[in-house]
Amino acid sequence: MTLNTSDRIKIPAGFWAGLRQLGIVAHEVVRKAQLPITIISDPVVTTAQYFAIWQAYSDLIDDTAKGIIKLATSFETDHFPPTVLATYHARDYRDALKRMARYKQLCPPESIHITEEGEHCTIEIESLHSEQPGLPILIGITLAFLLELGRRGTGQPLTAKFVEFSLDSIGDLQILEDYFGCQIQIGTNCNRLTLHRADLDRPFVSYNAELLEILTPVLEQSLNEQVRSTSITETVKWIMKHSLTGGRPDIQTIASELGISDRTWQRRLTEEGTSFKHLLTKVRHEQAREYLADPSLDIKEVAFLIGYEDQNSFYRAFHLWEGATPLKWRTKHLGLNLIN
């Protein structure tokens, strides 16, 4: 798999805060998803990790439909990422939706397609990962938020004309129909929100021309620079960091993720003054310090999370890095009387 922008997804800064408002602890979601705890503080994840987080959230709630509406409506405006902030402060609902469709390109894995015809406006959600766990609730939240955007922006209790889900099950349909104000159909061949076209002309009370003058050029530049020029060193470190748990990433794995030969990327590392072995040690060291700073993780778990099957090997490596055992380092830095 080639590592490109679609393989690295940015989680909105307010996502975990939104879950907390619903009474769901971030650590519970991460553990349920079987991901490293540091994912919570890392804004960028892989596509697989992104879907795993959504599936974990879905598993932790009572009903998918209830989880969709709760999260779509509880997200605070001041937690919106720039891509969404630009839509919230658009001139009208039509402008907001067009900006959402355009800037969604910066936030894969879904794309948004808008069609206006007659009295209706249809918004269709497409995903390149139709078989991924976690997709049902993600699609539901996306469709709900598109209507929520119109309601917040216009200050009016807008309703949809029709909503279609390609999913066979999405929880309590009555909850969704009460929210959207229309009939919900499941098991269709698309994921689509149909709006009353006249609503698109409604002005946004949240319109902010000055803020848009600041945000728009930045977002447009980001679109033009979609393929980021990240150094090979930083890219390899990022792959290693997300591949450590329970094992050691090997040269072939890195080559597969990068989509280039192992000789090519190792040569480029040499040109940047580093090596596979040096970066692996550096990443393990950095991750060990980060995990040990979390008192909820025992040292055996820390060893596993950074790729050591043998706890004694981790102790020896950490002593070389810090001149102290993991327990002594943790006690010193946390000021806690921990027992190994």
Glu119 with Arg197: basic N within carboxylate O range, under 4.0 Å: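 Result for this pair is no, no salt bridge flagged.
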Ion pair Glu322/Arg289, N-O distance below 4.0 Å: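 Salt bridge between Glu322 and Arg289, a charged N being under 4.0 Å from a carboxylate O: yes.
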So how far is it from [X] [atom1] to [Y] [atom2], rounded to the nearest 0.5 Å?
X: Ile184; Y: Glu164; atom1: CD1; atom2: CD; result: 9.5 Å
X: Phe180; Y: Leu147; atom1: CZ; atom2: CG; result: 6.0 Å
X: Leu193; Y: Ile123; atom1: CG; atom2: CD1; result: 5.0 Å
X: Lys332; Y: Leu292; atom1: NZ; atom2: CG; result: 13.5 Å
X: Thr216; Y: Arg99; atom1: OG1; atom2: CZ; result: 4.0 Å
X: Asp201; Y: Asp95; atom1: CG; atom2: CG; result: 12.0 Å

Does the side chain of [X] come under 3.5 Å of the side chain of [Y] through a donor N or O and an acceptor N or O?
X: Arg284; Y: Thr281; value: no
X: Tyr179; Y: Gln174; value: no
X: Glu290; Y: Thr38; value: no

For [X] and [Y], which heavy atoms make the closest approach, and how far apart are they?
X: Thr264; Y: Ser261; answer: OG1-OG, 2.6 Å
X: Ser275; Y: Leu269; answer: C-CD1, 4.0 Å
X: Ala72; Y: Phe145; answer: O-CD1, 3.9 Å
X: Tyr88; Y: Gly153; answer: CE1-N, 4.4 Å
X: Pro249; Y: Ile254; answer: CB-CD1, 4.3 Å
X: Pro36; Y: Tyr291; answer: CB-OH, 3.0 Å

I'd like to check [X] versus [Y] (side-chain heavy atoms, cut-off strictly below 4.5 Å). Are they in contact?
X: Phe165; Y: Leu173; answer: no
X: Gln311; Y: Ile299; answer: yes
X: Val30; Y: Ile53; answer: no
X: Cys182; Y: Thr159; answer: no
X: Leu19; Y: Trp16; answer: yes
X: Arg202; Y: Leu158; answer: yes
X: Leu219; Y: Arg102; answer: no
X: Ile137; Y: Ile61; answer: yes

State yes or no: do [X] and [Y] share one hydrophobic cluster built from I, L, V, M, F, W and Y residues joined by side-chain heavy-atom distances below 4.5 Å, directly or via other members?
X: Phe15; Y: Leu22; result: yes
X: Phe162; Y: Leu195; result: no
X: Leu138; Y: Val44; result: yes

Between [X] and [Y], is there a donor-acceptor pair closer than 3.5 Å when you use the side chain of the first and the backbone of the second?
X: Tyr57; Y: Ile24; value: no
X: Arg330; Y: Asp294; value: yes
X: Asp262; Y: Ile251; value: no
X: His89; Y: Ser206; value: yes
X: Glu272; Y: Thr233; value: yes
X: Thr331; Y: Leu327; value: yes

Intermediate values then yes/no, side chain to side chain donor-acceptor pair (under 3.5 Å), Ser313 and Arg316: CA-CA 5 Å; Ser313 297; Arg316 288 193 295 271; 3.3 Å; yes
With Glu286 via side-chain hydrogen bond (donor to acceptor under 3.5 Å, both in side chains) - residues at least two apart: Lys237
Residue among Ile141, Ile175, Leu143 satisfying side-chain contact (heavy atoms from CB on, under 4.5 Å) with Ile68: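 It is Ile141; the other options fail the test.
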Aromatic plane relationship, Phe318 with Trp321 - under 30° parallel, 30 to 60° tilted, over 60° perpendicular: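 Taking Phe318 first and then Trp321, their aromatic rings stand perpendicular (interplane angle over 60°).
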